[in-house]
Amino acid sequence: MNGGKLFSLEGKNAFVTGGARGLGFAMACGLAEAGAAVFFNARSEKSVAEGLTAYRRRGVEARGYPCDVTDEEAVAALFSNLCGEYGAIDILVNNAGIINRTPMTEMSAEEFRRVVDTDLTGPFIAAKSIIPLMIKRGGGKIINVCGIMSEVGRETAAAYASAKGGLKMLTKNIAAEYGGCNIQCNGIGPGYMATALNESLRKKMPDGTINPFDRFIRAQTPAGRWGDAAGDLVGPVVFLASKASDFVNGQILYVDGGFLSYLGRSC
């Protein structure tokens with residue numbers, strides 16, 4: 001098989017949770033460019049409509065559905081209906097997530113559970129719902145968006161880091177439990193990616209100086225820059241979704257410009 005066909009997703013159906021915007025949107029567009037039919041969910045009808053508009057602007061024909069990833073019955077019904085109508089979901093990208101930046105001792109257990117429910121239980125529910133359908137089809141790909149916080153901690157991120165660390169181990173366990181069914185489950189760990197949500201952090205301060213957080217990210221990253229989702233994240237996602245990764249299972253591919261391998265510049 002030639003290299004081009006190894007990475008082709010022609011004839012494949014990909015579902016990206018939380019794919020209406022941000023990294024999910026960028027990854028879904030990349031999967032579409034590789035040939036996959038793209039499906040996504042968002043929590044509200046409004047978010048779905050906004051996502052569909054964004055996809056149309058990119059020239060991508062996507063299908064969106066309002067669905068909460070923490071609702072087990074709703075997720076199972078959605079996947080079952082989609083497989084009945086379109087034949088299969090060959091690729092699942094568990095991207096939906098939230099963060100609550102509150103110091104741990106000031107965070108309530110309810111707030112902690114809400115983050116873990118979305119960022120860890122949600123991927124569990126989606127994977128649990130799709131794996132039996134993938135087994136019937138002879139296999140599939142699951143990609144969990146773990147992020148660098150599955151390896152390191154940071155102030156005000158106790159719930160998020162806990163969930164992402166758990167998602168890393170869920171990834172490995174799915175690979176261990178269902179690898180024999182031709183299901184490859186891997187994680188992708190985006191570093192600090194430039195998005196609309198963090199644009200203000202990358203702008204210069206009113207006095208013309210660099211934002212301290214922007215300076216920190218650039219100094220801590222050997223590449224010396226923020227990542228670009230469309231340019232840096234798409235290739236690894238397509239690899240993990242394609243035949244090229246058929247013998248890659250239970251791994252976390254960090255796309256962080258070297259962030260996790262670097263202690264930072266000396267003073």
Side-chain angles (χ1 to χ4, degrees), residues 6-7 9 12 14-34 36 38-41 69 89-99 118-120 122-124 126-127 130-131 134 140-152 157 160-161 163-176 178-179 183-195 197-198 217 221 223 225-261:
L6 273 175
F7 294 92
L9 301 179
K12 302 295 185 180
F15 193 100
V16 181
T17 68
R21 63 176 183 168
L23 299 187
F25 175 80
M27 290 187 286
C29 287
L31 295 172
E33 289 167 4
V38 169
F39 305 79
F40 72 95
N41 80 295
V69 294
I89 295 173
D90 305 288
I91 303 154
L92 169 65
V93 181
N94 277 316
N95 164 76
I98 60 172
I99 189 168
T118 300
D119 296 5
L120 178 57
F124 163 77
I130 200 61
I131 284 172
M134 285 182 169
K141 305 278 187 176
I142 299 174
I143 303 169
N144 293 326
V145 180
C146 297
I148 58 176
M149 296 295 284
S150 63
E151 294 288 347
V152 296
Y160 186 77
K164 292 300 184 179
L167 184 57
K168 176 181 71 173
M169 293 313 300
L170 177 63
T171 299
K172 292 178 178 294
N173 201 78
I174 291 172
Y178 297 103
I183 291 175
Q184 291 85 52
C185 180
N186 293 289
I188 191 162
Y192 285 92
M193 296 282 164
T195 68
L197 292 177
N198 57 44
I217 295 302
T221 306
R225 63 177 177 85
W226 293 66
D228 172 56
D232 298 320
L233 196 55
V234 165
V237 168
V238 170
F239 164 68
L240 292 177
S242 71
K243 191 170 182 58
S245 63
D246 277 359
F247 203 55
V248 178
N249 213 355
Q251 305 302 308
I252 314 298
L253 175 54
Y254 291 102
V255 187
D256 65 354
F259 187 97
L260 289 175
S261 301

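The figures here come from the full heavy-atom set of this structure, side chains too, leaving out hydrogens, waters and symmetry mates.
Residues V16 and A28 come closest through the heavy atom pair CG2-CB, 3.9 Å. Minimum heavy-atom separation, S245 to A241: OG-N, 4.3 Å. Shortest non-hydrogen contact noted between A36 and A14 is CB-CB, 4.2 Å. Contact detail for A32 and V38: the closest heavy-atom pair is CB-CG2, 3.7 Å. Shortest non-hydrogen contact noted between I148 and G191 is CG2-CA, 4.0 Å. Of all heavy-atom pairs spanning G147 and Y254, the tightest one is O-CE2, 3.6 Å.
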One pair to check against side chain to side chain contact (heavy atoms under 4.5 Å, CB included): Q251 and L240. What are the steps and the verdict?
CA-CA 10 Å; Q251 305 302 308; L240 292 177; over 6 Å; no
List the steps and the verdict of side chain to side chain contact (heavy atoms under 4.5 Å, CB included) for T195 and N198.
CA-CA 6 Å; T195 68; N198 57 44; 3.3 Å; yes
Pair C185, N249 - check side chain to side chain contact (heavy atoms under 4.5 Å, CB included), show working.
CA-CA 6 Å; C185 180; N249 213 355; 4.2 Å; yes
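By the 30° and 60° cut-offs, the orientation of the rings of F259 relative to Y192 is tilted.
In this structure, CZ on F40 lies 13.5 Å from CG on L31, to the nearest 0.5 angstrom. Distance check: N144 CG to S150 OG gives 10.5 Å after rounding to the nearest 0.5 Å. For the atom pair CD1 of I130 and CG of L92, the computed distance is 6.5 Å after rounding to the nearest 0.5 Å. With rounding to the nearest 0.5 Å, the separation of NZ in K172 from NZ in K168 is 7.0 Å. Atom CG of residue D246 and atom NZ of residue K141 lie 4.0 Å apart, to the nearest 0.5 angstrom. Taken from CD1 in I91 to CZ in F15, the straight-line distance is 13.0 Å, to the nearest 0.5 Å.
Side-chain contact check for Y178 versus M134: every heavy-atom pair is 4.5 Å or farther apart. The shortest side-chain heavy-atom distance between P190 and D256 does not fall under the 4.5 Å cut-off. The shortest side-chain heavy-atom distance between V248 and Q184 does not fall under the 4.5 Å cut-off. In this structure, the side chains of L197 and R21 come closer than 4.5 Å at one or more pairs of heavy atoms. Contact check for D119 versus L167: no side-chain heavy atoms found under the 4.5 Å cut-off. At least one side-chain heavy atom of I142 sits under 4.5 Å from a side-chain heavy atom of I131.
Of the possible polar contacts, none joining the T171 side chain to the G250 backbone as a donor-acceptor pair under 3.5 Å is found. Panel note: side chain S242, backbone A244; a donor-acceptor pair is recorded below 3.5 Å. Between the N173 side chain and the M169 main chain, no donor and acceptor come within less than 3.5 Å of each other. N186 places no side-chain N or O within 3.5 Å of a backbone atom of I252 that could act as its donor or acceptor partner. Checked by atom type and distance alone, the side chain of N95 never pairs as donor or acceptor with a backbone atom of V145 at under 3.5 Å.
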